[in-house]
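Each chain gets a letter, A, B and so on, in the order its sequence line appears, and its residues count up from 1. FYI, side chains are in, hydrogens and waters are out, and symmetry mates aren't considered; it's all heavy atoms of this structure.
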Number of protein chains: 2
Amino acid sequence: MRRKITLKQIARELDVSISTVSKALKDSPEISEDTKQKIQAFAKLYNYRPNNIALSLKNRKTNTIGIIIPEIVHHFFSKVIRGVELVANQRGYNVIIGLSNESFSKEVINMEMLANGSIDGFIISISKETQQLQDYHHFNETMNQGMPIVMFDRVVSDINCDKVVVNDFNGAKRAVEKLIENKCENIALITTKDYVSVGKLRTQGYLDALQDHNITPEADLILKMGDTPDYEENLEILESEIEQLFKTNPKIDGVFAVNELYALYAMKVARKLGLDVPNNVQVIGFTDGVLSKHATPSLTTVSQHAQQMGEKAAHLLIDKLESENTDIEEQFQTVIITTDLVERESTK
Amino acid sequence: MRRKITLKQIARELDVSISTVSKALKDSPEISEDTKQKIQAFAKLYNYRPNNIALSLKNRKTNTIGIIIPEIVHHFFSKVIRGVELVANQRGYNVIIGLSNESFSKEVINMEMLANGSIDGFIISISKETQQLQDYHHFNETMNQGMPIVMFDRVVSDINCDKVVVNDFNGAKRAVEKLIENKCENIALITTKDYVSVGKLRTQGYLDALQDHNITPEADLILKMGDTPDYEENLEILESEIEQLFKTNPKIDGVFAVNELYALYAMKVARKLGLDVPNNVQVIGFTDGVLSKHATPSLTTVSQHAQQMGEKAAHLLIDKLESENTDIEEQFQTVIITTDLVERESTK
DNA sequence: ATGTATTACGAAAACGTTATAGTGTTAAAA
DNA sequence: TTTTAACACTATAACGTTTTCGTAATACAT
């Protein structure tokens with residue numbers, strides 16, 4: 001078990017200076033062909049690779065990007081990571097992950113842990129708790145130190161940085177319009193509390209679609225769920241609330257849900273109540289995950305193109321990292337990824 | 001936008017030496033109280049944090065572990081990552097991810113990219129292609145350089161390293177026994193080609209359970225699927241093959257599938273053919289993912305405790321990293337995580 | 001007055017690189 | 001013969017730490 005070989009060791013072994021070895025391995029014209037060949041052969045034999053950490057220190061550049069997300073066991077976020085990793089690798093970067101677990105303090109700690117030189121920049125989707133507390137000092141501090149941030153999906157408008165978002169409003173609106181086109185007359189909405197920015201935007205899309213078609217929204221048809229991590233008891237609450245919704249409003253013939261779990265449970269409840277999807281009730285969800293795809297009937301959803309979001313975020317970040325840092329031109333862009341309505345069996 | 005402050009800058013500013021600053025910040029008794037207070041106050045004001053990269057270089061220790069997995073958009077793997085990240089963070093480590101995407105070369109490249117000083121050790125689940133090619137040189141080389149590896153789930157028995165595996169054989173056997181207890185007499189198996197180690201082991205568990213109960217396995221009841229990434233066309237093939245299986249064997253009253261997707265499609269097909277789950281056919285899958293949990297009826301599955309696997313793997317690795325490297329005592333352990341049968345609606 | 005501790009700091013090396021600026025030798029040009 | 005240029009290297013600084021060793025200055029004991 002020999003340690004990795006270094007320039008110094010090669011130099012000592014071949015009785016030349018470290019500089020000579022370094023240059024020889026870079027095929028510098030300063031070094032004679034003979035010496036170069038000797039050194040290169042030796043380096044190859046011992047499988048020399050420059051030490052990344054030393055390079056990072058020297059160049060003040062780690063070629064690593066940090067991604068902070070609320071949760072990894074989540075189809076959407078893991079797809080984003082895949083996109084980030086793909087682009088990062090293509091462009092010679094590594095990806096280091098930090099999970100906030102929807103907690104503000106873990107988000108802060110994780111960022112501090114990485115901001116001390118470990119990475120060149122961040123890609124972030126903020127935690128629910130951060131959204132609630134609206135405490136964004138850690139983002140500002142990070143950026144003040146010259147470390148760029150790209151936010152995606154759950155962004156904060158007060159912070160000036162590059163962003164990649166999905167058009168939640170439009171996506172939701174389009175989905176509801178689809179239900180209207182399909183002759184639904186009483187469309188329920190299953191959404192989250194308003195502090196979740198995306199939930200709020202999707203709710204607005206729902207309302208706007210109704211308004212455009214001169215349908216007056218009914219408060220009764222709108223169900224706002226509290227925080228719903230995927231625990232058994234919460235699922236039961238979810239199910240019973242939806243059941244309540246259906247029972248008090250038997251006229252419901254369409255449901256738009258702001259995520260796929262809600263949509264799935266809407267279908268579950270409908271079936272339980274003897275309603276056929278899509279003949280009696282049509283359902284559309286948000287987020288194109290596995291559940292929607294493999295459900296029976298499969299769910300029509302608004303696809304967010306998570307991987308594409310990740311790719312775009314990575315490109316934005318790396319572009320910024322590699323641009324000649326002319327400081328003054330601090331111009332940030334917000335890229336909007338358009339959603340697609342993926343029609344499946346839960347709509348006609 | 002000021003860069004992060006360094007010891008040198010503090011030293012220059014306060015007109016002391018770098019060593020003094022360093023010691024003062026470490027509360028060394030060598031430094032007078034006065035000076036310490038002055039320096040600490042200054043450092044706090046400018047939010048000084050030691051540069052991680054410099055520390056890594058000095059200590060030849062990055063406090064970062066690399067995790068290489070075939071795919072991240074996968075419930076099992078993302079849960080493992082969550083476990084790894086949890087433990088790593090607790091113990092002061094960061095996690096950097098590499099995706100092999102089931103490709104041998106990407107696995108090798110990713111490992112090489114990280115092995116050059118970026119990380120202290122690896123946690124790996126090998127790609128399908130690597131399993132097929134049986135080329136393990138990159139593992140050996142990495143370990144020869146003194147970098148420890150912990151393998152999980154898809155391990156290779158020829159390599160001497162710490163491992164965390166699930167008892168695939170027992171888990172499968174237990175599942176099939178459950179079906180037998182529940183009076184199933186013609187139990188079908190939906191599995192993968194044999195080169196996938198876990199598929200093979202689960203198949204053996206199936207066979208062993210039958211044998212124990214004096215049931216002669218019928219080749220007709222065993223369906224071996226080729227590689228099935230989650231693409232539309234493959235799903236169709238999957239569905240039609242399963243349909244074929246049911247049609248040629250109408251006596252089937254139980255199905256054991258080596259993953260949840262197969263199990264889900266078995267239920268789909270059964271319903272399509274007018275069979276009720278669990279009354280006519282009982283189904284058990286492997287891997288406790290979202291699909292099983294939210295399917296209708298929900299799927300009885302063999303839970304692998306993915307997060308626990310990740311946690312254990314991280315502990316094993318970090319223990320090794322932090323043990324006094326007495327080289328000689330190269331003792332490796334294989335931790336076996338026991339599976340649980342999670343009973344849901346797809347069995348009686 | 002001399003020797004010895006103690007206090008409070010600073011210098012320097014080391015981790016592994018790369019890049020800049022020398023340096024000695026030889027060959028060609030003046 | 002002297003100057004200049006080319007060649008083939010080497011020395012050194014720097015990236016930001018930590019740590020070992022060294023050293024002034026003061027205090028104390030002899």
Q.
So B:Lys8, base contact, sugar-phosphate only, or nothing? Heavy-atom distance under 4.0 Å.
A. sugar-phosphate
(Q) Angle between ring planes, B:Phe76 versus B:Phe152, binned at 30° and 60°: parallel, tilted or perpendicular? (A) tilted
Q | Residue B:Lys26, side-chain atoms from C-beta onward, closest of D:dT18, D:dT10, D:dC15 | A | D:dT18
Q. Whole Å only: how far is the CD atom of B:Gln9 from the P atom of D:dT17?
A. 9 Å
Q | Value in whole Å for how far the C1' atom of D:dA14 lies from CG of A:Leu57 | A | 9 Å
Q) Residues two or more places apart in sequence or in another chain: which of them pass salt bridge (charged side-chain N to carboxylate O under 4.0 Å, His left out) with A:Lys26? A) none
Q | Residue pair B:Phe122, B:His138: steps toward the ring-ring contact (aromatic ring centres under 6.0 Å, His included) verdict | A | CA-CA 12 Å; B:Phe122 278 110; B:His138 48 313; 9.6 Å; no
Q | Whole-Å distance separating the CD1 atom of B:Ile18 from the C1' atom of D:dC15 | A | 11 Å
Q.
Under 4.0 Å, heavy atoms only, any strand: does B:Ser19 hit a base, just the sugar-phosphate, or nothing?
A. base
Q. D:dC9 C1' sits how many Å from A:Lys38 NZ, rounded?
A. 12 Å
Q: Check step by step if side-chain hydrogen bond (donor to acceptor under 3.5 Å, both in side chains) holds for B:Ser103 and B:Ser100.
A: CA-CA 5 Å; B:Ser103 134; B:Ser100 68; over 6 Å; no
Q: Using the heavy-atom set of chain B and a strict 4.0 Å cut-off, write down the first and last nucleotide of DNA chain C that makes it in, 5' to 3'.
A: C:dA8 to C:dG16
Q | Close side-chain approach of A:Leu25 and A:Leu7, heavy atoms under 4.5 Å | A | yes
(Q) Check this for me, if you would: do B:Glu85 and B:Arg82 make a salt bridge, where the nitrogen-to-carboxylate-oxygen distance has to be below 4.0 angstrom? (A) no
Q) Just checking B:Ser22: base, sugar-phosphate only, or nothing, at a heavy-atom cut-off of under 4.0 Å? A) base
Q.
So that I can tick it off, tell me whether A:Lys106 and A:Glu129 are bridged by a salt bridge, with the cut-off set at under 4.0 angstrom between side-chain N and carboxylate O.
A. no
Q | Interatomic distance, B:Leu7 CG vs D:dT19 P [rounded to whole Å] | A | 12 Å
Q.
Heavy atoms only, 4.0 Å cut-off, all strands: where does B:Leu55 land among base, sugar-phosphate and nothing?
A. sugar-phosphate
Q: Look at the side chain of A:Val16 and decide which nucleotide, out of D:dT10, D:dC15, D:dT18, has an atom nearest to it.
A: D:dT10
(Q) Please confirm whether the shortest side-chain N or O distance from A:Arg60 to OP1 or OP2 of D:dG16 is below 4.0 Å. (A) yes
Q) Given atom NZ of A:Lys61 and atom P of D:dG16, what is their separation to the nearest angstrom? A) 16 Å
Q. So with a 6.0 Å cut-off around CG of A:Asp158, is the heavy-atom count from everything else above 12?
A. yes
Could you go through nucleotides 4-8 of chain D and list every protein N or O atom that sits under 3.5 Å from one of its N or O atoms, giving the distance for each pair?
none

Q. Just checking, any donor-acceptor pair under 3.5 angstrom between side chains of A:Glu311 and A:Gln307?
A. yes
